[in-house]
Amino acid sequence: MQDFSSEFRNLHYVIRNAESVLLFAHTRPDPDAVGASIALREYIRSLGKKADIACFDRLPEFAAELFPGIVFRDPDALPVETYDAVIASDSVDRGFQLLKERFREEQVIVLVDHHPNIRMTGDIVIIDDTMSSSCEMLFHFFQTENITITPKMATPLLMGILGDTGNLQHSCTSLDTFAAVSTLIQKGAQLQKITSDVFANNKISTLQLWGKALSRARINSGNGMIYSAITERDIEELGNPSTEDLYIASTLLNAVPDAKFSLLFYQLQPGIVRGSLRSEPHKNVDVSSIARDLGGGGHALAGGFEIPGTIVETPQGWEVR
Ligand SMILES: [Mn+2]
């Protein structure tokens, strides 16, 4: 990790001097975004200060039992301009920019992220794309600043790290990540509960989503791309699957031995299609360069992009029109 000691010190100073802090979780929040905002909320509230979490979506179902009482508030219904500081953690380009015009000059804007090519700017910027997750970065913040990590902070942090590393299986997992996980478990993180609530994909609709994606897969023998599509109608029928489950579908496509990388198209919202690219370490493909060509970004093994249009099935395959 880069040396963030001065940024960490500044962030700690800002939190200690703030009366109220607004935390922001990105649209369609994943375990990392949820975990980061809940861990910060716990810490800030333990200091007797006000901390709210804003998100354009509700608290995801997987987190409901783990974190009773946590409410994600609609940013449009919150007095964004009244908080002393605003901290966005994880994928800060997804939704946070919509709040930008409501910030006041005196407010301290903080970004914590591990995605490359972030466009948002802030007063304190803690971004390192070699880190596994935003939760791992916050773990280092708490440790560096000698802030006690309580069990209520350890559980969301562990959830975020496990989420973004695919249970410590993705290549972004470092020795430091393992050390962080071990420390968090010692500090009382509820590993079993996280595993059963967040990673036991036993919902029939999730299996149906993956089934749909796999059954429609086609492979381009020229470049080794395996691709599939999930339409707006599928999304409705499957009861609005989570982003995580859609990304897993993209990962699953890579199981085909001839596939060099996978591309799953899904209808993010009417008029906008998201493409999720995945590959595996031994395949030597950098999917982020493909994503960048299409206006997106990501890591070597996981990338994505968004394009305007609608997914339609044609006799030749799937098309975005
Ligand atoms: Mn993340």
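Residue numbers run from 1 in the order of the sequence given. Atom set for the values below is all heavy atoms of this structure, side chains included, hydrogens, waters and symmetry mates excluded.
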> Hey, is NZ on K260 packed in by over 12 heavy atoms from elsewhere, all under 6.0 Å?
Replying inline: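 Counting other residues, nucleotides and ligands, NZ of K260 stays at 12 neighbours or fewer.
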>> So for atom CD, which belongs to Q143, do other residues, nucleotides or ligands contribute more than 12 heavy atoms lying within a distance under 6.0 Å?
In response: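 Yes, enclosed.
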Electrostatic pair [X]:[Y] at N-O distance under 4.0 angstrom:
X: D234; Y: R216; value: yes
X: K283; Y: E280; value: yes
X: E237; Y: K212; value: yes

Looking at [X] and [Y], what are the two nearest heavy atoms and their distance?
X: G275; Y: L263; answer: CA-CD1, 3.9 Å
X: R274; Y: L268; answer: NH2-CD2, 3.7 Å
X: P308; Y: V320; answer: O-CG1, 3.9 Å
X: H114; Y: S132; answer: CE1-O, 3.1 Å
X: F4; Y: M137; answer: CE1-CE, 4.0 Å
X: L138; Y: S89; answer: CD1-OG, 4.3 Å

Working to the nearest 0.5 Å, report the span between [atom1] of [X] and [atom2] of [Y].
X: L162; Y: L184; atom1: CG; atom2: CG; value: 9.0 Å
X: I149; Y: F139; atom1: CD1; atom2: CZ; value: 5.0 Å
X: T82; Y: L22; atom1: OG1; atom2: CG; value: 8.0 Å
X: I290; Y: N223; atom1: CD1; atom2: CG; value: 7.5 Å
X: L111; Y: I124; atom1: CG; atom2: CD1; value: 9.5 Å
X: D32; Y: I161; atom1: CG; atom2: CD1; value: 8.5 Å

Side-chain donor or acceptor of [X] paired with backbone N/O of [Y] under 3.5 Å:
X: D57; Y: R28; value: yes
X: E232; Y: Q269; value: no
X: S250; Y: S276; value: yes
X: N10; Y: E7; value: no
X: E319; Y: E313; value: no
X: T195; Y: L191; value: yes

> Does some side-chain heavy atom of M131 sit less than 4.5 Å from a side-chain heavy atom of Q2?
Replying inline: no
> Would a 4.5 Å heavy-atom cut-off, applied to side chains only, mark F141 and H12 as touching?
Replying inline: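 The answer is yes, as the side chains (C-beta and beyond) meet within the 4.5 Å cut-off.
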>> Can you pull out every ring-ring contact (aromatic ring centres under 6.0 Å, His included) where at least one residue sits in residues 261-292? Sequence neighbours excluded, please.
In response: none
>> Ring centroids only, cut at 6.0 angstrom: are F96 and F103 within range, meaning strictly under it?
In response: yes
> Y247 ring centre to R278 NZ or CZ under 6.0 Å, with the angle to the axis within 45°?
Replying inline: yes
